[in-house]
Amino acid sequence: MSPKTLYDKIWDAHVAHEAEDGTSLLYIDRHLVHEVTSPQAFEGLRMAGRKVRAPEKTIAVPDHNVPTTAGRENPEQMTEDSRIQVAALDTNAKEFGIHYYPVSDIRQGIVHIVGPEQGWTLPGMTVVCGDSHTATHGAFGALAHGIGTSEVEHVLATQTLIQKKSKNMKVEITGKLNPGVTAKDITLAVIGATGTAGGTGYVIEYCGEAIRDLSMEGRMTVCNMAIEGGARAGLIAPDETTFEYVKGRPHAPKGAQWEAAMDWWKTLYTDEGAHFDKVITLKGEEIEPVVTWGTSPEDVLPISANVPAPEDFKGGKVDAARRALDYMGLTPGQKLTDIEIDTVFIGSCTNGRIEDLRAAAAILKGKKIKDGMRAMVVPGSGLVRAQAEEEGLADIFKEAGFEWRLAGCSMCLAMNPDQLSEGERCASTSNRNFEGRQGYKGRTHLVSPAMAAAAAVTGHLTDVREMM
Amino acid sequence: MEKFTKLTGIAAPMPLVNIDTDMIIPKVFLKTIKRSGLGVNLFDEMRYDRQGNEIPDFVLNKPQYRETKILIAGDNFGCGSSREHAPWAIADFGIRCVISTSFADIFYNNCFKNGILPIVLPQEDVDKLMDDAERGANAVVTVDLENQTIQGPDGGTINFDVDPFKKHCLLNGLDDIGLTMEKAASIDAFEAEASQARPWV
Ligand code: SF4
């Protein structure tokens, strides 16, 4: 048999039907649903008199548009639109009989944090969700795509997705990371190297020593942003770290089923000599803590660098850079560490897990945030929040001057009232620095949790290595 | 779904690269639980000021582009979110075809589900169409899906590629779910086999 990549193996195990031209029906093992991209899909089912084909494989949780302030179980606390969307999800979950974690449930949180936490996401699965950051689940060696609402409806009705196979890309990070360099810096550095369209048409497999050394939390951070590099999905082969994380989770297999699952999971790696259509290699030692300066995740520079000039770029990017500098209110040549910050946001499906909160708290311990700084932590799930409270992290954040919020997407996309105001500048652990992403005319610099904490203390973008 | 066969209309130039889904439809408009009515908010933050007044410089606000049916855009159009609100807003405005050198994957797929034809062309063809589009109402473009051609205002013809299955669905306005349900037997068989092989799923 010819050698296969990890992607080939998962793909082959899920093709329910293949047409002559390669258009396939890919069977979906897990379908995650949230309140913003699903109402129209359920409405479509209802209008056509269709059912959810596999409700036991479908999990719903509200996250994008829920308040993250205390007392939110009370619908009075919600804005009108968020109340309507959450109520629609409530109704749809009940009517169609799917698993559901309402805001009142401690297990509620960002859909991409809840799935792995509850053991819904397992190696070798196909996972979809009406959200582009579904790529996160690839950290388990699961093939995970973001889909649009029509596809959400398609999966609800048929438990399959119409797909053509993507190309294989290998992204290898060799060697060890230096202190202060994290999974977030890896994933941003990769996008900086490939551009936001570099992965278009590919599924990326991340490998190499620096990836192997990451925890599951770190691996999820890396795969989460595969989509920002344009890839359909990111994958990391499962190993002992993966199995250790999965074992004992509420929906993970148990007993004999666990053994059977392990037998298969252990075969999920790229065979020696398998073909990749594109290979990118970065040296772990050469990655520095990075920040974004512009309005695209590819606008990445090491924290030690200066703001670039439009002339540093080529083609259509020259105008885009000019527009970005203007939007961000930056001057070419300015040191990145001289950029002053008004707001710090720690959270999101990129960096809202326990390890992220630990990394930020380690910098903040015994310190206070800069006078006038607005800083908030929004844990990725109710369980992450509870664990952080138990470990004393919540106290560190609160004593430093951070707001300690309830779980949700919050200022990652600023659909709820957690928004930047015009011109406000934020160091954010989220994944998108698009114009207006965190609020109309708000300015976003993407960073790791430790870098975000450092900026909260000093009041400007800061090289975290100086605070360690 | 509305069929797409042949489209003749005004093309608007948007040469900016990396036009993301937040630009196409800012998230404040994701609060709807319907698919319709998003056209007025297409490109909202570029199109209106904070008071809701039109920004006259923005291309779709210019008199000659108000009836735009085709968008000629810079690289990597539609990057970012999976929100289908982006193609809903585009279609609701009346744009049925977007032409660029590259598209983000999810957006590209979402277009086909909503009767929009996204066309990928080499840089020089996009440059040519961008020039044509600069001429506004004097530059009507015809996109013929059946023959996979684009007819510019000067009579030149550009050929384009499209996946045959996607083309078939768009030409006939076919609903994916209905098509897939015809293959229910394959799905049933797969499911039975998979539940033996991987019972823990
Ligand atoms: S945290 Fe941000 S990126 Fe993640 S699912 Fe929520 S809105 Fe999307």
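FYI, side chains are in, hydrogens and waters are out, and symmetry mates aren't considered; it's all heavy atoms of this structure. Throughout, a chain's letter reflects where its sequence line sits, starting with A, and its residues are numbered from 1.
In this structure, a donor-acceptor pair under 3.5 Å is present between the side chains of B:N76 and A:T196. Between the side chains of A:Y440 and B:E45, not a single donor N or O lies within less than 3.5 Å of an accepting N or O.
Ranking A:S296, A:A260, A:G201, A:A19 against chain B, the residue ahead of the rest is A:A260, based on heavy-atom pairs under 4.5 Å. By number of non-hydrogen pairs under 4.5 angstrom with chain A, the leading residue of B:T180, B:D176, B:V28 is B:T180. Of the residues considered (A:T295, A:I162, A:N65), A:I162 shows the highest number of contacts with chain B, using heavy-atom pairs under 4.5 Å. In terms of non-hydrogen atom pairs under 4.5 Å with chain B, the most contact-rich of A:T37, A:I147, A:V152 is A:I147. Of the listed residues (A:Q419, A:K441, A:K164), the greatest number of heavy-atom pairs within a distance under 4.5 Å of chain B belongs to A:K164. With chain A as partner, the option from B:E193, B:K183, B:E84 having the largest number of non-hydrogen pairs under 4.5 angstrom is B:E84.
Between A:R53 and B:D188 there is a salt bridge, since a side-chain N of the basic residue sits under 4.0 Å from a carboxylate O of the acidic one. Taking a cutoff of 4.0 Å between a charged side-chain nitrogen and a carboxylate oxygen, B:D22 and A:R432 do not qualify as a salt bridge.
Heavy-atom distances place no part of A:E43 under 4.5 Å from chain B, backbone and side chain included. With a 4.5 Å cut-off on non-hydrogen atoms, A:D21 touches chain B through its side chain but not through its backbone. Looking at B:M1, neither its backbone nor its side chain comes within 4.5 Å of chain A, counting heavy atoms on both sides. Of the two parts of A:A41, only the backbone, made up of N, CA, C and O, holds a non-hydrogen atom closer than 4.5 Å to a non-hydrogen atom of chain B. Neither the backbone nor the side chain of A:E80 comes within contact range of chain B, judged by heavy atoms closer than 4.5 Å. If you measure heavy-atom distances from A:E153 to chain B, the contacts under 4.5 Å come from both the backbone and the side chain. Only the side chain of B:L16 comes within contact range of chain A, with at least one heavy atom under 4.5 Å from a heavy atom of that chain. Only the side chain of A:M125 comes within less than 4.5 Å of a heavy atom in chain B; its backbone stays farther off. Contact annotation for A:K254: neither backbone nor side-chain heavy atoms come within less than 4.5 Å of a heavy atom of chain B. Looking at B:F107, there are no atoms closer than 4.5 Å to chain A (heavy atoms on both sides), in backbone or side chain. Using a 4.5 Å cut-off between heavy atoms, B:P199 touches chain A through backbone and side chain atoms alike. Contact annotation for A:T200: only side-chain heavy atoms (C-beta onward) come within less than 4.5 Å of a heavy atom of chain B. Proximity to chain B (any heavy atom under 4.5 Å) is shown, for A:A414, by both the backbone and the side chain. Neither the backbone nor the side chain of B:D75 comes within contact range of chain A; no heavy atoms are under 4.5 Å apart. Of the atoms belonging to A:T158, heavy atoms from both backbone and side chain fall under 4.5 Å from chain B. Neither the backbone nor the side chain of A:H145 comes within less than 4.5 Å of any heavy atom of chain B. Of the atoms belonging to A:R232, heavy atoms from both backbone and side chain fall under 4.5 Å from chain B.
Open room surrounds NZ on B:K69; 12 or fewer heavy atoms of other groups in view lie less than 6.0 Å from it. The number of heavy-atom neighbours closer than 6.0 Å to CD of A:E422, taken from other residues, nucleotides and ligands shown, is above 12. Atom CD of A:E56 has more than 12 neighbouring heavy atoms from other residues, nucleotides or ligands inside a 6.0 Å radius. In the displayed structure, B:D161 atom CG is contacted under 6.0 Å by at most 12 heavy atoms of other residues, nucleotides or ligands. The local environment of CD in B:Q123 is crowded, with over 12 non-hydrogen atoms from other residues, nucleotides or ligands closer than 6.0 Å.
The line from CD1 of B:I33 to OG of A:S38 is 10.0 Å long, rounded to the nearest 0.5 Å. Summarising the geometry, atom NZ belonging to B:K31 is positioned 8.0 Å from atom CG belonging to A:N416; distances are rounded to the nearest 0.5 Å. Note that CD of A:Q85 is 7.5 Å distant from CG of B:L30, once rounded to the nearest 0.5 Å. Between atom OG of residue A:S166 and atom CG of residue B:D105 there is a gap of 6.0 Å, rounded to the nearest 0.5 Å. With values rounded to the nearest 0.5 angstrom, B:R83 atom CZ is found 9.5 Å from A:D131 atom CG. Between atom CD of residue A:Q40 and atom NZ of residue B:K34 there is a gap of 9.5 Å, rounded to the nearest 0.5 Å.
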ask   = Does the pair A:F434 and B:M23 meet the rule for a side-chain contact (heavy atoms from CB on, under 4.5 Å), with working shown?
value = CA-CA 8 Å; A:F434 296 161; B:M23 289 185 192; over 6 Å; no

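The heavy-atom pair separating B:V201 from A:R30 by the smallest distance is O-NH1, 3.1 Å. Across every non-hydrogen atom of B:S81 and A:S132, the tightest pair is CA-OG, 3.7 Å. Nearest heavy-atom pair across B:I106 and A:G146 is CD1-O, 3.5 Å. For the residue pair B:S186 and A:H17, the shortest heavy atom distance occurs at OG-CD2, 3.5 Å. What you find for B:G80 and A:I227 is that their closest heavy atoms are O-CG1, 4.3 Å.
Among B:D175, B:N114, B:I177, the one residue that satisfies the side-chain contact (heavy atoms from CB on, under 4.5 Å) test with A:S150 is B:N114.
Ring geometry, A:W265 versus B:W200: the interplanar angle exceeds 60°, so the pair is classed perpendicular (tilted spans 30 to 60°).
Using non-hydrogen atoms only and a strict 4.5 Å limit, the part of residues 315-323 of chain A facing chain B consists of A:G316, A:K317, A:A320, A:R323.
At least one donor-acceptor pair under 3.5 Å links the side chain of B:R198 to the backbone N or O of A:A13. B:K27 contributes a side-chain N or O that, together with a main-chain N or O of A:R437, makes up a donor-acceptor pair within less than 3.5 Å.
Side-chain contact between A:L25 and B:F190 is absent, with no heavy-atom pair separated by less than 4.5 Å.
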